Amino acid sequence: LDRSTAYLKERKQFGKALAEFQALQFRLADMATELEAARLLLHKAAGLVDGKAVDATKMAAMAKRLATDTGFKVVNEALQLHGGYGYLRDYPIERYLRDVRVHQILEGTNEIMRVIIARQLLAD
Ligand SMILES: Cc1cc2nc3c(=O)[nH]c(=O)nc-3n(C[C@H](O)[C@H](O)[C@H](O)COP(=O)(O)OP(=O)(O)OC[C@H]3O[C@@H](n4cnc5c(N)ncnc54)[C@H](O)[C@@H]3O)c2cc1C
């Protein structure tokens with residue numbers, strides 16, 4: 001998000017900065033909103049784990065699934081906002097994309113997070 005914000009201010013097309021195109025401003029707004037929502041769920045789940053709450057496992061699975069899917073979606077958006085440079089090694093975005101992608105697989109895949117959540121919902 002930080003890299004994209006800086007890049008949209010720096011890169012000019014059609015005689016103005018990309019940051020002046022409202023369609024691209026909306027993309028930044030959605031990225032920031034979705035990151036904030038994922039962070040809030042993550043912090044809530046962390047608090048429940050610390051407090052050994054009964055629903056800590058379900059909430060941790062929800063947070064892991066949402067934070068990693070959101071992370072990938074946001075970096076993918078960032079890559080798109082960088083245009084062709086996003087794909088090239090000249091900029092760090094392609095590396096962020098590869099780094100963040102594995103977290104949808106590691107420490108229990110996101111399908112398994114859904115298994116955990118659904119099992120808990122159906123047991124209640
Ligand atoms: C870079 C990297 C580092 C790693 N480091 C470690 C490590 O330090 N320690 C460690 O123990 N492991 C490590 N792993 C392994 C990682 O934890 C596993 O890759 C991960 O748990 C998924 O298991 P799998 O690859 O066997 O996929 P599989 O279990 O074969 O799953 C394949 C696909 O089927 C889906 N799937 C499987 N079962 C179900 C089901 N019941 N319902 C719905 N969908 C299902 C999965 O979600 C996935 O999409 C690492 C993996 C990578 C890529």
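Position 1 is the first residue of the sequence; numbering continues from there. Computation of the quantities below employed the complete heavy-atom set of this structure, encompassing side-chain atoms and omitting hydrogens, waters and symmetry-equivalent molecules. Each ligand, and each atom within it, is numbered from 1 in the order the structure gives. Bear in mind the structure is a predicted one, so any value in this text is a computation, not a measurement.
Put simply, atom 35 (C) of ligand 1 has no protein non-hydrogen atoms near it, under 4.0 Å away. In this structure, atom 22 (C) of ligand 1 has a protein heavy-atom contact shorter than 4.0 Å. For atom 39 (C) of ligand 1, the nearest protein heavy atom lies under 4.0 Å away. Within a 4.0 Å radius of atom 49 (O) of ligand 1, the protein contributes one or more non-hydrogen atoms. For atom 8 (O) of ligand 1, the nearest protein heavy atom lies 4.0 Å or farther away. Protein heavy atoms are found inside the 4.0 Å sphere centred on atom 3 (C) of ligand 1.
On a distance-only criterion, Thr109 and ligand 1 share at least one N/O pair closer than 3.5 Å.
Residue contacts with ligand 1, taken as heavy atom pairs separated by less than 4.0 Å, involve Val102 solely via side-chain atoms from C-beta onward.
Lys64 contributes a side-chain N or O that, together with a main-chain N or O of Gly108, makes up a donor-acceptor pair within less than 3.5 Å.
Summarising the geometry of Ala38 relative to Ala67, their closest heavy-atom pair is CB-CA, 4.0 Å, with the distance given to 0.1 Å.
Residues satisfying the side-chain contact (heavy atoms from CB on, under 4.5 Å) criterion with Leu122, sequence neighbours excluded, are absent altogether. In this structure, the ring pair (Phe, Tyr, Trp, His ring centres under 6.0 Å) partners of Tyr7, at least two apart in sequence or on a different chain, are His82, Tyr91.
Interface atoms of ligand 1 facing Ile112, defined by a heavy-atom separation under 4.0 Å, are 38 (N), 39 (C), 40 (C).
Atom 43 (C) of ligand 1 has its closest protein heavy atom at Glu111 CB, 3.9 Å.
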